[in-house]
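Just below is one structure, and these are the notes that go with it.
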Amino acid sequence: MAGARKLELAEALALGPGWRHACHALLYAPDPGMLFGRIPLRYAVLMQMRFDGRLGFPGGFVDTQDSSLEDGLNRELREELGEAVAAFRVERADYRSSHAGSGPRVVAHFYAKRLTLEQLLAVETGATRAKDHGLEVLGLVRVPLYTLRDGVGGLPTFLENSFIGAAREQLLEALQDLGLLESGSVSGLKIPARH
């Protein structure tokens with residue numbers, strides 16, 4: 001988010017009634033698969049192609065009828081990903097960060113939820129039947145967590161896409177903090193600058 005400032009959760013929740021809260025979640029699962037029989041996938045990490053052509057994480061605005069940020073997030077996940085999300089719940093323990101934008105009074109809260117591969121596959125399979133599929137959500141995408149021999153293909157090329165708000169930075173921070181990359185660090189990657 002250009003001009004966004006990071007907030008502690010308590011600070012974000014104390015901003016008052018003039019602020020809207022949006023919650024999004026990175027869903028991931030261990031994946032023992034091998035690309036071309038030689039490149040370990042390690043984890044499946046889901047993002048989505050949004051209605052505006054940008055990549056982001058599933059989620060959305062918390063409504064007044066939602067009793068908590070997490071209730072709003074889980075409602076949005078059902079709308080965007082379908083009924084397979086009933087097999088798990090994103091909780092406060094999955095919370096990672098909050099950012100206040102410089103524009104309209106919106107605070108974006110970010111979560112990361114580890115699933116089993118079976119749960120993640122069920123989400124992928126059922127997503128095309130979700131209420132918002134083809135409307136707010138154009139489809140799910142897995143993040144390639146590898147770099148091909150050319151040093152460009154895979155994650156470095158994926159990061160050249162257009163991301164909404166702070167989604168690119170949230171992705172990179174989560175990949176590093178959760179140890180989802182082989183090296184556990186994004187510092188060795190040739191990561192293109194954000195345009």
Side-chain angles (χ1 to χ4, degrees), residues 1 22-36 38-50 53-60 70 73-74 76-82 84-85 87-91 93-97 99 108-128 130 132-133 136-148 151-192 194:
M1 289 173 116
C23 297
H24 296 86
L26 178 151
L27 303 176
Y28 70 102
D31 186 345
M34 299 284 278
L35 178 64
F36 307 127
R38 62 180 167 74
I39 301 171
L41 298 179
R42 297 182 34 81
Y43 290 91
V45 175
L46 293 184
M47 293 191 79
Q48 65 187 20
M49 178 61 68
R50 295 165 31 96
R54 293 183 277 190
L55 291 171
F57 294 102
E70 293 77 24
L73 174 56
N74 285 290
E76 281 285 340
L77 293 178
R78 276 189 309 282
E79 291 173 6
E80 294 185 0
L81 301 177
V85 301
F88 60 87
R89 180 172 167 77
V90 178
E91 300 286 353
D94 302 310
Y95 169 81
R96 300 203 43 82
S97 63
H99 289 84
H109 304 280
F110 184 59
Y111 295 74
K113 178 71 174 179
R114 183 179 174 134
L115 306 178
T116 66
L117 187 56
E118 292 74 22
Q119 289 171 320
L120 187 130
L121 291 171
V123 168
E124 288 180 317
T125 301
T128 58
D132 289 342
H133 181 78
E136 290 182 30
V137 179
L138 301 181
L140 294 179
V141 170
R142 285 195 187 190
V143 178
L145 299 183
Y146 47 80
T147 302
L148 297 178
V152 178
L155 184 59
T157 297
F158 182 83
L159 293 171
E160 291 182 11
N161 285 295
S162 180
F163 293 81
I164 187 70
R168 183 181 189 272
E169 292 76 16
Q170 291 166 330
L171 172 64
L172 290 171
E173 184 177 291
L175 292 179
Q176 182 160 339
D177 292 351
L178 297 169
L180 302 185
L181 296 175
E182 181 109 44
S183 65
S185 170
V186 296
S187 60
L189 290 173
K190 294 178 190 170
I191 297 173
R194 186 168 185 186

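This is a predicted model, so every value here is computed, not measured. Hydrogens, waters and symmetry mates are skipped; everything else that's a heavy atom, side chains included, is used.
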query = Measuring from I164:CD1 to H24:NE2, what's the distance to the nearest 0.5 Å?
reply = 8.5 Å

ask   = Just how far is it from atom CG of D31 to atom CG of L120, taken to the nearest 0.5 Å?
value = 8.5 Å

request  = List the atom of A29, the atom of L115, and the distance in Å for their closest heavy-atom pair.
outcome  = CB-O, 3.2 Å

query = Where does the angle between the aromatic ring planes of F57 and F110 fall among parallel (under 30°), tilted (30 to 60°) and perpendicular (over 60°)?
reply = tilted

request  = Might you work through the side-chain contact (heavy atoms from CB on, under 4.5 Å) test for F88 and D94, ending with a clear yes or no?
outcome  = CA-CA 12 Å; F88 60 87; D94 302 310; over 6 Å; no

key: Student check: side-chain heavy atoms of L171 and L26 closer than 4.5 Å   = yes

inquiry  = Checking L27 against L81 for the side-chain contact (heavy atoms from CB on, under 4.5 Å) test, could you report, in this order, the C-alpha distance in whole Å, the side-chain angles of both residues, the deciding distance, and whether it holds?
reply    = CA-CA 11 Å; L27 303 176; L81 301 177; 3.7 Å; yes

ask   = Any side-chain heavy atom of N74 sitting closer than 4.5 Å to one from R78?
value = yes

query = Under a 4.5 Å cut-off applied to non-hydrogen side-chain atoms, are R114 and Y28 in contact?
reply = yes

key: Pairwise distance OH(Y146) to CG(L35) - rounded to 0.5 angstrom   = 4.5 Å

key: Contact summary for L77 and P58, nearest pair of heavy atoms   = CD2-CB, 3.7 Å

query = Roughly how far, to the nearest 0.5 Å, is the CD atom of E124 from the CZ atom of R142?
reply = 4.0 Å

key: Nearest-0.5 Å distance, CZ of residue R89 to CD of residue E70   = 7.0 Å

ask   = If you take all heavy atoms of G151 and P156, which pair is closest and at what distance?
value = O-CG, 4.1 Å

key: Contact summary for R42 and L181, nearest pair of heavy atoms   = NH2-O, 3.3 Å

Validation row: L148, T157 side chains within 4.5 angstrom (heavy atoms) = no

inquiry  = With heavy-atom distances below 4.5 Å as the criterion, would you say the side chains of E76 and V90 are in contact?
reply    = no

task = Could you tell me whether the side chain of F163 reaches within less than 4.5 Å of the side chain of E169, counting heavy atoms only?
result = no

message = Quick check: do L55 and M49 have side-chain heavy atoms less than 4.5 Å from each other?
response = yes

message = Main chain of M34, side chain of R38: is a donor-acceptor contact present, judged purely on distance under 3.5 Å?
response = no

key: Aromatic ring pairing Y95/H109, orientation class (parallel under 30°, perpendicular over 60°, tilted between)   = tilted

request  = Say whether, by atom type as modelled, one donor and one acceptor occur between the side chain of R168 and the main chain of L159 under 3.5 angstrom.
outcome  = yes

ask   = Taking atom OH of Y43 and atom CG of L145, what is their separation to the nearest 0.5 Å?
value = 9.5 Å

ask   = So, the side chain of E80 versus the backbone of G59: is there a donor-acceptor pair under 3.5 Å, distance only?
value = yes

message = If you define the side chain from C-beta out and look only at heavy atoms, does anything of L117 sit under 4.5 Å from P32?
response = yes

key: Where G82 and A130 come nearest, the two heavy atoms and their spacing   = N-CB, 3.3 Å

